[in-house]
Amino acid sequence: MGNHTTASIFLLWGFSSFPDSQGLLFGLLFVMIFFSHVTILAANVCIMVAIKLSHNLHTPMYFFLCGLSFSETCTTMAIIPRMLVDLLSDSKAISLPECATQMFFFFGLGANNCFIMAAMSYDRYTAIHSPLRYKVLMTHKICFQFIMASWMAGFLVSLCIVITVFNLSFCDSNIIEHYFCDISPVVCLACDYTSHHEMAIFVLSAFVLVGSFVFIMMSYVFIVSRVVKMPSAKGKYKAFSTCSSHLTVVCIHYGFAGFVYLRPKDRDSFHEDMLMAVTYTVLTPLLNPIVYSLRNKDMQTALRKVLGKTNRFIPQMGSRRTPDIKNHKDK
């Protein structure tokens with residue numbers, strides 16, 4: 001990064017910055033976050049497997065949902081395992097390259113999530129506005145190109161942010177008042193952070209959050225204008241029901257992310273930002289699979305089949321191992 005950087009090791013102070021936050025509270029946090037992480041992984045893997053095994057879910061909408069589930073799984077893997085280790089460890093040190101790598105993957109994957117949700121809104125618009133041409137406009141190749149463009153754009157923006165941040169001189173302190181390398185707590189440690197750096201980071205963040213959000217809202221404006229013209233109430237209900245899960249996830253995701261990254265920052269807001277960060281690194285990825293499974297009958301049916309096959313597979317594995325053990329003992 002920058003040759004003028006003086007600090008090479010940071011301390012992820014995180015929850016230790018709260019008064020009286022030791023011992024039992026750390027233990028409870030560890031248990032809650034650990035089980036949330038396991039649930040996130042299990043839920044997203046189930047969604048991806050269900051989409052893969054159910055031929056009736058081989059549509060653009062579920063292709064994007066599978067991509068979103070994979071991206072969110074990777075996003076949590078960039079943050080939560082390190083957070084769990086730091087909750088149990090006295091040493092909360094993280095090197096500058098590790099900090100830069102964590103920031104790069106977290107924001108790259110986060111931006112990717114935004115762009116995939118924008119692609120999902122375009123898919124819903126195309127399905128409702130041009131149902132007869134839908135299969136021509138949203139082929140598997142085009143959907144794959146949307147996913148690849150989301151990944152490339154997300155990590156390109158993240159790379160620009162990381163280069164901007166880690167070309168600064170860190171000479172004030174090496175204590176990051178957060179549980180991961182977030183932008184604001186890191187740049188506040190720099191002694192040459194100027195309004196130009198702040199504007200560059202804000203423009204990049206706004207491009208991802210505001211740009212994709214405006215695209216999503218424009219898609220839904222056209223969707224609503226189309227749906228209200230439908231003659232039958234059943235058709236209106238079906239159209240809105242296919243969009244409700246996506247719109248719910250969009251509101252949750254952009255609400256928390258926009259509050260943290262698009263408002264003015266100061267040192268007094270770090271604790272508030274850190275608590276909000278828990279919602280979009282732990283709670284939001286936990287809610288997304290629940291929202292899509294509870295509000296989608298096709299997904300519910302596919303998940304039941306996957307869970308049913310899993311329940312049958314485990315006893316079969318156990319019954320196969322039992323004769324092997326007996327034969328081994330006889331020998």
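These figures come from a predicted structure and were not determined experimentally.
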Hey, any chance M77 and L68 share a hydrophobic cluster, counting ILVMFWY side chains that come within less than 4.5 Å of each other, even indirectly?
no

Can you name the residues that form a ring-ring contact (aromatic ring centres under 6.0 Å, His included) with F107, not counting sequence neighbours?
Y261

Distance-only criterion, 3.5 Å: show the donor-acceptor pairs between side-chain atoms of residues 26-41 and protein atoms not counting sequence neighbours.
unit_1, atom_1, unit_2, atom_2, d
S36, OG, M32, O, 2.8
T39, OG1, F35, O, 2.7

Taking salt bridge (charged side-chain N to carboxylate O under 4.0 Å, His left out) as the definition, give me every residue that meets it alongside D86, ordered by chain and number, with sequence neighbours left out.
R82

Qualifying residues under ring-ring contact (aromatic ring centres under 6.0 Å, His included), relative to Y220, sequence neighbours excluded:
H246

Would you please name every residue forming a side chain to side chain donor-acceptor pair (under 3.5 Å) with E98, sequence neighbours left out?
S95

Pair F146 and Y122, ring centroids less than 6.0 Å apart
yes

Set of disulfide (SG to SG under 2.5 Å) partners for C181, sequence neighbours left out:
C99

Taken in chain and number order and not counting sequence neighbours, the residues that satisfy side chain to side chain donor-acceptor pair (under 3.5 Å) with S130 are none

I'd like to check the ring-ring contact (aromatic ring centres under 6.0 Å, His included) partners of H197; sequence neighbours left out, ordered by chain and number.
none

Residues at least two apart in sequence or cross-chain that pass side chain to side chain donor-acceptor pair (under 3.5 Å) with S71, listed by chain then number, are N112, N113

Flag yes if more than 12 heavy atoms outside M152 fall under 6.0 Å of its CE atom; otherwise flag no.
no

Donor-acceptor contacts under 3.5 Å from residues 132-139 side chains, at least two apart:
unit_1, atom_1, unit_2, atom_2, d
Y134, OH, D123, OD1, 2.4
T139, OG1, I142, N, 3.3

Can you run down the side chain to side chain donor-acceptor pair (under 3.5 Å) pairs that involve residues 48-68, sequence neighbours left out, and say none if there aren't any?
Y62-N296

Residues which pass ring-ring contact (aromatic ring centres under 6.0 Å, His included) with F256, listed by chain and number, not counting sequence neighbours
none

Surrounding CZ of F155 (heavy atoms of other residues, nucleotides or ligands, distance under 6.0 Å), is the total greater than 12?
yes

